[in-house]
*Asks:* 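Mind looking over this structure? Questions follow.
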Amino acid sequence: MSKKINFIAGFMIFSLMLNSYVWAQQTNTSFTPGKIWKDDKGVHINAHGGGIVEHKGVYYWFGEHKIEGENGNTAQVGVHCYSSKDLYNWKDEGIALPVSEDLTSDIAKGCILERPKVVYNKKTKKFVMWFHLELLGKGYAAARSGVAVADRPTGPYTFIKSYRPNPGKMPFYAEGTADKDKVNCETPANKSDGFFYRDLPGGQMARDMTVFVDDDGKAYHIFSSEENFTLHLAELTPDYLGHTGRFIRIYVGQQTEAPALFKKNGVYYMVGSGCTGWAPNPARWFKASSIWGPWTYMGNPCQGEGAKLTYGGQSTHVLPVPGKKGEFIFMADKWEPKNAIDGRYLWLPIRFENDKITINWLDQWDLSVFKK
Ligand code: DGJ
């Protein structure tokens with residue numbers, strides 16, 4: 001009898017090993033938005049609200065590691081990193097920035113740590129990670145930015161600090177900025193001006209965010225501020241570890257979240273979303289001929305069935321396509337707030353029609369859609 005049990009157990013272990021071996025041999029050759037995306041271990045990729053940085057021909061995808069259930073909407077593990085050379089097949093590189101077991105830490109286990117974005121600083125040769133941070137047990141009240149740094153893309157990242165950006169600083173106004181977009185602290189013209197003024201001494205609120213590095217090596221932090229009513233685009237210091245105090249406000253009072261920036265032929269583009277919690281809403285895009293604006297609201301880039309709700313997703317990053325200059329991939333999250341770990345990834349090609357961008361749903365696609 002026990003021999004028989006041993007045989008069955010042995011057979012099961014062998015099958016399991018064979019399964020993972022077979023998986024390791026499988027190669028993805030396309031993107032399947034909304035489906036399970038397995039990593040090199042056969043596990044659904046766990047990098048939500050993420051972004052991708054390229055370094056020496058390798059792509060590193062960083063995102064929120066979520067666990068099962070609603071508790072997964074808080075940071076129980078940290079920021080997960082994956083690497084890939086072709087964007088279809090991803091190797092699990094582990095947790096790049098773990099949350100802390102020290103409950104007095106800003107990044108204590110159970111805090112809210114969202115939308116991590118990593119950029120490489122060519123001058124300091126460091127990888128810098130910025131993220132939206134909410135302190136443990138304080139809901140979404142803290143509205144801080146956190147920053148961490150590493151010598152290698154995969155980390156480990158060392159947490160440096162978290163704070164609200166640009167205390168005591170007034171916005172910079174590019175030529176052509178409409179008066180209605182200028183903050184009036186004396187007599188706030190709208191709710192957003194009021195929140196700006198309220199937060200002037202302690203620093204501006206910073207929630208959904210991204211980081212963009214321009215061709216000249218300057219980096220910018222773009223975040224939902226003023227109780228999510230208005231976006232700020234703020235210059236980072238040359239080491240990318242702090243804010244210089246120079247910033248603009250974008251689309252004042254219109255509640256833009258989930259910003260993702262990119263640049264093509266000298267023109268700046270930004271895709272974002274409205275503000276409806278985990279539920280999807282129409283995407284929105286903006287255009288500017290200077291990083292300092294003015295940024296023009298251009299409407300919803302999505303087309304076809306599902307376009308009104310961004311096909312169930314929310315923007316997180318726009319990725320330049322490897323080897324195809326001027327082509328970009330729109331990356332979005334399909335959140336599953338009741339079982340956070342089951343969130344899905346919607347990646348779709350961005351098309352340019354004259355000076356307009358459009359996004360269309362595809363069940364399955366690969367990089368050959370980009371002709372060049
Ligand atoms: C929408 C944001 O885009 C997400 O990152 C997250 O903060 C949720 N809201 C929380 O409801």
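Since the model is a prediction, treat every value here as computed from it, not as a measurement. Counting starts at 1 for both ligands and their atoms, in listed order.
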*Asks:* Can you label the angle between the Y120 ring and the F127 ring as parallel, tilted or perpendicular, going by 30° and 60°?
*Replies:* tilted
*Asks:* Should the ring pair W335 and W278 be called parallel, tilted or perpendicular, given that the plane angle runs from 0 to 90° and is split at 30 and 60?
*Replies:* perpendicular
*Asks:* Tell me whether K264 forms a cation-pi arrangement with F352, defined as NZ or CZ under 6.0 Å from the six-membered ring centre and within 45 degrees of its axis.
*Replies:* yes
*Asks:* Rounded at 0.5 Å granularity, tell me how far OG1 in T154 sits from CG in D151.
*Replies:* 10.5 Å
*Asks:* Can you hop from Y251 to F223 via hydrophobic side chains spaced under 4.5 Å?
*Replies:* no
*Asks:* If the plane angle is over 60° it's perpendicular, under 30° parallel, otherwise tilted; pick one for H243 and H221.
*Replies:* tilted
*Asks:* Show the protein residues that qualify under the rule heavy atom under 4.0 Å from an atom of ligand 1, listing them in chain and number order.
*Replies:* E114, R115, Y140, D208, E257, G277, W278, Q314
